[in-house]
Amino acid sequence: MTPYVEHANITVGNIDHTIAFIQTALPAFAVRHCGEGNGYRWCHIGTEQSYLALQEVVERTSVDRTPYVDSGINHIGLVSEDVEAIRARLLAAGYEENEMETSHPWRKRVYFWDPNGIEWEFIEYLSQDNSQRNDYSQ
């Protein structure tokens, strides 16, 4: 068996906002189950093979992490067949795009911020050749 990532567990400020963001970007991602435990809400959203485990943080007045500087998640990358469709859906829903340079001959990428301040990367591969898909020379 080839190992793969089954899930990532992410703590978010508002679980409903994250669910709405993910389902706007990727309508095929379904809520597998939601629950509550130890004073916080949680939800698994994704496919039958992989998912995002969301956990809602206990309310705070400030966040003490700077992305790309402090420890923690910088962004989450999800593969799709059509990043332009994702871009259109997210922009139409009012989400903020991070317009960083992403040109590459073998993949398209778009980055968006969700209402919790989490950055999400959506990738569309333009080749089935793994040497091209995993090309870091660009």
Are the side chain of D114 and the backbone N or O of T18 linked by a donor-acceptor pair below 3.5 Å? no

Excluding sequence neighbours, so at least two apart, what forms salt bridge (Lys or Arg N to Asp or Glu O under 4.0 Å) with E124? none

Interatomic spacing from CG in N14 to CZ in F21 - rounded to 0.5 Å: 13.5 Å

Note: I86 and A25 closest approach over all heavy atoms is CG1-O, 3.2 Å

NZ of K108 to OG of S80, rounded to nearest 0.5 Å, is 11.0 Å

How far does SG of C43 sit from CD of E36, to the nearest 0.5 angstrom? 12.5 Å

Step by step, work out the side chain to side chain contact (heavy atoms under 4.5 Å, CB included) result for I22 and W120. CA-CA 9 Å; I22 291 168; W120 299 81; 3.8 Å; yes

Indicate yes or no for a side-chain donor-acceptor contact from E56 to the backbone of I15 under 3.5 Å, with no hydrogens or angles considered. yes

H33 side-chain N/O to W42 backbone N/O, donor-acceptor pair under 3.5 Å: no

Any side-chain heavy-atom pair of R89 and P27 under 4.5 Å: yes

Tell me which pairs pass salt bridge (Lys or Arg N to Asp or Glu O under 4.0 Å) where either residue lies in residues 4-19, with sequence neighbours left out. D16-R41

Quick one: does any side-chain atom of T47 pair with a main-chain N or O of S50 as donor and acceptor, under 3.5 Å? yes

Y111 and E121 side chains, donor-acceptor separation under 3.5 Å: yes

Heavy atoms of other groups near H44 NE2, more than 12 under 6.0 Å: yes

Would you kindly confirm whether L54 and L26 end up in one hydrophobic cluster when ILVMFWY residues are joined by side chain heavy atoms under 4.5 Å apart? yes

Is there a chain of hydrophobic side chains (I, L, V, M, F, W, Y, each step under 4.5 Å between heavy atoms) that links Y95 to I73? yes

So if I apply the side-chain contact (heavy atoms from CB on, under 4.5 Å) rule between F122 and each of D82, L90, I76, which one comes out positive? L90

Test of understanding: clusters of I, L, V, M, F, W, Y form through side-chain heavy atoms closer than 4.5 Å, transitively. Do V79 and F29 belong to the same one? no

Working to the nearest 0.5 Å, report the span between CD of Q128 and CD of Q132. 10.0 Å

Determine, using the 4.5 Å side-chain heavy-atom cutoff (strictly less than), whether L91 and I123 are members of one ILVMFWY cluster. no

Any cation-pi pair here, R133 with Y125, using under 6.0 Å and within 45°? yes

Say whether V31 and L78 are linked into one hydrophobic cluster, either directly or through other cluster members, by side-chain heavy-atom distances under 4.5 angstrom. yes

Give the minimum heavy-atom separation between R107 and D135, together with the two atoms involved. NH2-O, 3.1 Å

How far apart are the closest heavy atoms of H7 and A53, and which atoms are they? CD2-CB, 4.0 Å

Establish, from distance only, whether the side-chain atoms of S131 and D129 form a donor-acceptor pair under 3.5 Å. yes

Using distance alone, with no hydrogens and no angle criterion, decide if E119 and N98 have a side-chain donor and acceptor under 3.5 Å apart. yes

Taking the side chain as everything from C-beta on, heavy atoms only, tell me whether V110 gets closer than 4.5 Å to E97. yes

Pairwise side-chain contact, V12 with V57, heavy-atom cut-off 4.5 Å (strictly under): no

Taking T102 for the side chain and R109 for the main chain, is one N or O donor matched with an acceptor at less than 3.5 Å? yes

